[in-house]
Amino acid sequence: MMWLKMGNHSFGTAIDLCDLGLDTIEETDEEFRIGAMVTLRQMETHTGLDAYSCGAIKAAFQDIVGVQFRNGATLGGSLWRRMGFSDIVTAFLAMDSYVELHEGGIVPLERFVNMPYDKDILVRLIVKKRPGAFAYQAVRKQRTDLPTINCMAAKVGDEYRVTVGARPGRAVLLRDDRGILADGITEASAAAFAEHAAESIRVSGNMWGSAEYRRALAPVLVRRALLALGEVR
Amino acid sequence: MDRPEYRSVGKSVRKKDSMQLLLGKPVYTEDIVPDALVVKLLRSPHANAMVKTIDTSKAKKVPGVVDVYTWEDVPDQRFSNAGQTYPETSPYDRLIIDRHVRFVGDVVAIVAAENEKAAQTALSRIKVEYDVLEPVLDFRTAKDNPVLVHPEDNWHMLCDLGGDNTRNLVGTTSDAGGDIEAVLADCDVVLERTYHTKAYNQAMMETFRTFTQLDRYGRLHVISSTQIVYHVRRILSHALGIPKSRIRVEKPRIGGGFGAKQTAVCEVYPAFVTMKTGRPALCVFSRRESQTCGSPRHEMEIKIRLGANNDGRIRALGVTTLSNSGAYGEHGWATVGLTGHKSIPLYTGSLEAFKFDANVVYTNMQPSGAYRGFGATQGQFAVETAVNELAAKLGRDPVELREQNMVREGMSMPAYFGEVANACALDRCMQHCSDMFGWKEKFPVRDMGNGKVRAAGVAMSMQGSGISGIDVGSVTVKLNDDGGYMLLIAAADMGTGCDTILAQMVAEHMECPLEAVSVFGADTDASPYDSGSYASSTTYVTGMAVEKACAQLKERLCAIAAEVLGCDAAELSFEGGCVRHEATGRTVSLPEIAAKSQCNCRLAPEATAQHSSPVSPPPYMVGMVEIELDRETGVVEVLDYAAVVDCGIPINPALARIQVEGGIVQGIGHTLMEDVTRTPKGAIRESSLFTYRLPTRLDTGRINVEFEHSYEPTGPFGAKSIGEIVINTPGPALAQAIYRATGVWHRELPILPEHILLAKPEERES
Amino acid sequence: MEVKIKLNGKTVVDDIPADMLLIDFVRAHGCKSVKRGCETSACGLCTVMLDDVPVLSCSTLAARADGRSVCTLEGLQAEASEFVGFIADQGAEQCGFCNPGFVMNTIALLRENPDPTDDEILAYLSGNLCRCSGYVGQLRGIRAFLDEKHGKEVERG
């Protein structure tokens, strides 16, 4: 609804899914099951998610417009659109996350992010509670603006995962394929991975920043997120 | 200085409307008006075009649509939307709807419908064919451009101010003192710099809106969110071709103005509909319309020539301004004058020569208007930054450099029409602010690690208090039956609290509690004439009208009391709650006087007085800012903002303080986040509050405001203005702090994180 | 479509267009305190409580409120009156147009967190824009209210 009303489209029929009971976060020993109608504010204030994400979910969500906005905006609305600037996609993509689609079944978020829009329905997000650590970074022109660029660094199990979003294209997930971080996170390895990340991702320009600016920011954020990750762990 | 102890003046009392506002009572235009026709405007997608054909037949057939009007339906007499004293300095360059559309958003048709949906549908059913013309989208090439924004024959100005539609000129102005070329040639250092500021939007929370209806006498009754009820009456009279006496304009509470509502941006459209249909009509601008078809600040390019000696003496200052008025000329000439007249005099202390030249040009962009600061903001960004650049070049502390050169009390200011600074505490403001802020500790750049540095900047400012020799304020004060008073004004409280401030003055003069004073305003049928609330005039100009009216009322009340006592009025004196007969000690209470006035009496217990000032005494201010700048991302965080203001005597210190805080935050917005960019076709990209980012409460940092008192002999209780000056210091102070942190002078606002990070090495000075 | 909404404690049954926004619904039912400021979910002026949760009524369909309770400032006068005088003492209401949304969200904050720190206040209210006051006076007002309520030393500005 938040984004819908900013566009200029006509819909013949709209069906509200608000009564399907998808507005809760279920936490088990293995996973979080977050219904599509769960609001950003519910996730931001969920103690289990906060603990598991080392505060990164809260850090990623707390600057999105304002409390009232986050009480209205939903996980489904954010994930389904797969908007490039999304802090939600960037945050969850770094985790071991899956979306459950009504028709398509359970699909890794990494794959879902690049799927074309279809007529399926997003039911919930599943985040596996694999032991991990997370750190979030973003640059905004103004505190509650869309991010000019955002980044989440994660270590899930033994795997380093770094997402970069608001490129402004959809967030991308980078892994440490070259083993740059194999000996752990140090100033040097974080900087090296940041350079590698900056070379690997494509950035472009829009109202929130030029391609050149994003190119300059990407390695800074990746490095800072990795160093923060090192401290978190 | 010893000042009398006041009982109301100088007290931080609550605004009279505060509880109504805070508890959400229906007090704004859209809350109080009856059902009305919805008025919507079809707007041009082109920056410059002629309407070749326009077909409204399908739109008129939409159920609920009452009528659709085009250029063929409106009077062919040009007028100006500027809220200025007649004869206005703005050109008569508008029609209600012009066949020639001059900016993206110019009005092509007016739709009147029974409801919102019908009006929206009708907009989409109007078929327009345009002859698209080449637009003027660079204000630097507008003057004498072969493309004319206003080629029409009936363009005219009421005053000869250099306006010439055959040259795309709205107006020109100049001023000089001394031989600037000779002095510059003799200076040790001459800086020549060019600065650029953009068309910032006032972005008041309530967009433009106006309701109109025919009253029970068949007159046009206008309820509008406006700062200028009397000027709106005149503008509508000119636009619609009906006598002023057939128009009544009132304002309820206003959801912010900041000058935007000193232009009749939306009044003519519903008024036209009501005159055509005889029915009530309401026009509410969308936020998009407010952002793209409003009356923002004039974009300006300002060239500075600053001459000084190595000892820091500032000897010559040249200001050359180019102002972009956009498609229409409202406030163009008036605004640009302040870029020189309110910047150069700051350095009266040492200046030997000055020169000021300005051109205001038409372009095919959103028309500009009045915005708090009104040209002084742009001029001071340029001059104050140039002085900061000079300090860097000379290796001088910018505070000390200013102390060496600033205007001081008693000085005559040649660049400010020769006015004498009768009340000027600028020197004390600087000292006070330095101490409060900790300038000596914060000015040195400090590395905080992780790419972050802390740095500080300073700027000073002046404004005026009303427009000298022009602005008029009048008030009526009358005695109520119960001994209280009624204050009638046409100044417009737009949240600033002038209703309360003027009432405090009445209470002080009439020696009564503030609660005994009720305020009514503003309504052209009931309020005495006032230019309106703009140009920092209300406290200073209208406040003096209060003083005069109260003096007259006291005499009048004595005269009525004399009838009660059967004595001569000269034997009586006014003493707060009563009138006293000196000789006998007998008193007549105010209710007794009121009762007498209503029974067999030829004297009305009221007085109306008017004031106008030959001078416009400047308030002064110093602002200092500390930032933390992230050298790896370019992000600037405002940590501390300290400001000390000399507004004479603050009548209501709490309200004065809020003015300062609010102005500083707007200035921070203009400097660090609010941007105005355009598509190649000339449409504004930042057309919503989603893209035009106002500061939130997380973006402001700590703000500390204090006052240095001076006593302005021509002002009420020694007061000067405060409403506008407060917006001026953040631009130059922040630009300096950013320079200190990065070594780069950014001479264009806003300075976004991107600009900071990507500043090219050649922009760096050693 | 027919909706049944508990508006400020009273049940309202109305036949509304499916695309009607909650802000237009509440204003049509006399709750004029609810203001439209931006139309792009950015300003917070239209804040109402939906089942006691502060939301943007400009970004919520009235249909979504069917069967639920909606509260505007008209229905929370007493709760607001506890603290708004402290804002008035600062003069920080200014033009007042943003006040209802600001007051509503402050009520939500204080219900959720009765003794917030300054940083918590700023963070919770960051979605409420104000163009007049510069915000710091609003913070001083809330602080003064909290200090008095919690019996702390009060310094009135």
Side-chain angles (χ1 to χ4, degrees), chain B residues 12 14-15 17-28 30-32 116-117 202-207 253-258 284 286-288 494-497 500 652 654-666 669 688-691 693-698 700 702-703 705, chain C residues 17 19 24 27 30-45 72-74 76-77 80-81 83-85 87-104 119 121-123 125-140 156-157:
Chain B
S12 293
R14 288 183 185 177
K15 284 202 315 165
D17 53 353
S18 58
M19 285 304 147
Q20 297 294 98
L21 301 180
L22 280 158
L23 292 173
K25 305 300 183 191
V27 294
Y28 302 93
E30 208 185 358
D31 304 341
I32 59 171
E116 182 94 14
K117 266 188 186 160
Q202 295 88 350
M204 60 283 167
M205 286 293 125
E206 182 197 37
T207 60
R253 293 292 97 183
I254 307 174
F258 314 114
V284 176
S286 67
R287 179 56 64 181
R288 184 187 182 85
M494 61 196 115
T496 50
T500 307
N652 183 322
L655 294 180
R657 182 183 189 183
I658 293 284
Q659 284 296 304
V660 184
E661 292 165 345
I664 286 169
V665 170
Q666 286 187 3
S688 71
L689 298 189
F690 176 61
T691 46
R693 299 306 295 197
L694 306 182
T696 72
R697 65 193 76 221
L698 296 172
T700 63
R702 294 177 294 271
I703 301 176
V705 174
Chain C
D19 59 356
D24 295 320
R27 280 190 68 91
C31 301
K32 304 285 190 187
S33 73
V34 184
K35 298 290 187 279
R36 184 178 254 113
C38 72
E39 302 137 22
T40 49
S41 316
C43 74
L45 265 62
T72 70
L73 188 48
E74 280 81 359
L76 295 173
Q77 295 280 297
S81 298
F83 68 88
V84 295
I87 309 293
D89 287 340
Q90 298 293 334
E93 72 282 13
Q94 287 293 293
C95 88
F97 206 70
C98 75
N99 288 188
F102 160 74
V103 169
M104 289 296 286
D119 284 345
I121 294 169
L122 295 179
L125 300 178
S126 66
N128 291 89
L129 296 181
C130 167
R131 191 60 156 169
C132 296
S133 73
Y135 302 114
V136 282
Q138 294 181 347
L139 179 63
R140 281 195 301 272
R156 290 281 183 88

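Please read all numbers here as calculations on a predicted model, not as lab measurements. To find a chain, count down the sequence lines: A is the first, B the second, and so on, and within it residues start at 1. What you see below is based on every heavy atom in this structure, not just the backbone, and it leaves out hydrogens, waters and symmetry mates.
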May I ask you to name which of B/Pro26, B/Ser688, B/Ser286, B/Gly497 has the most heavy-atom pairs under 4.5 Å with chain C?
B/Ser286
For chain C, which candidate among B/Gln666, B/Met494, B/Gln659 shows the most heavy-atom pairs at distances under 4.5 Å?
B/Gln666
Name the residue from C/Arg131, C/Gln94, C/Lys35, C/Arg36 that meets the side chain to side chain contact (heavy atoms under 4.5 Å, CB included) definition with B/Met205.
C/Arg131
Which region of [X], side chain (C-beta onward) or backbone (N, CA, C, O), has a non-hydrogen atom less than 4.5 Å from a non-hydrogen atom of chain B, or is it both or neither?
X	value
C/Asp24	neither
C/Thr72	neither
C/Leu125	both
C/Asp119	neither

Partners meeting side chain to side chain contact (heavy atoms under 4.5 Å, CB included) with C/Leu139 (sequence neighbours left out)
C/Asp118, C/Ile121, C/Leu122
C/Val84: what forms a side chain to side chain contact (heavy atoms under 4.5 Å, CB included) with it, not counting sequence neighbours?
B/Met19, B/Leu22, B/Leu23, C/Ala80, C/Val103
Just give me the residue among C/Gly137, C/Pro17, C/Cys98, C/Ser126 that pairs up with chain B most often, heavy atom to heavy atom, under 4.5 Å.
C/Ser126
Of C/Ala42, C/Cys31, C/Cys132, the largest count of non-hydrogen pairs under 4.5 angstrom with chain B goes to C/Cys132
With a 4.5 Å limit on heavy-atom distance, are the side chains of B/Val27 and C/Lys32 in contact?
no
Do B/Asp31 and C/Arg27 come close enough that some side-chain heavy atom pair is under 4.5 Å?
yes
One pair to check against side chain to side chain contact (heavy atoms under 4.5 Å, CB included): C/Arg140 and B/Glu661. What are the steps and the verdict?
CA-CA 12 Å; C/Arg140 281 195 301 272; B/Glu661 292 165 345; 2.7 Å; yes
Could you give the distance from OH (C/Tyr135) to CG (B/Leu698), rounded to the nearest 0.5 Å?
9.0 Å
Before giving the answer on side chain to side chain contact (heavy atoms under 4.5 Å, CB included), spell out for C/Gln77 and B/Lys25 the whole-Å C-alpha distance, their side-chain angles and the decisive distance to 0.1 Å.
CA-CA 10 Å; C/Gln77 295 280 297; B/Lys25 305 300 183 191; 2.7 Å; yes
Yes or no on side chain to side chain contact (heavy atoms under 4.5 Å, CB included) for C/Cys95 and B/Glu206, after CA distance, side-chain angles and deciding distance?
CA-CA 9 Å; C/Cys95 88; B/Glu206 182 197 37; over 6 Å; no
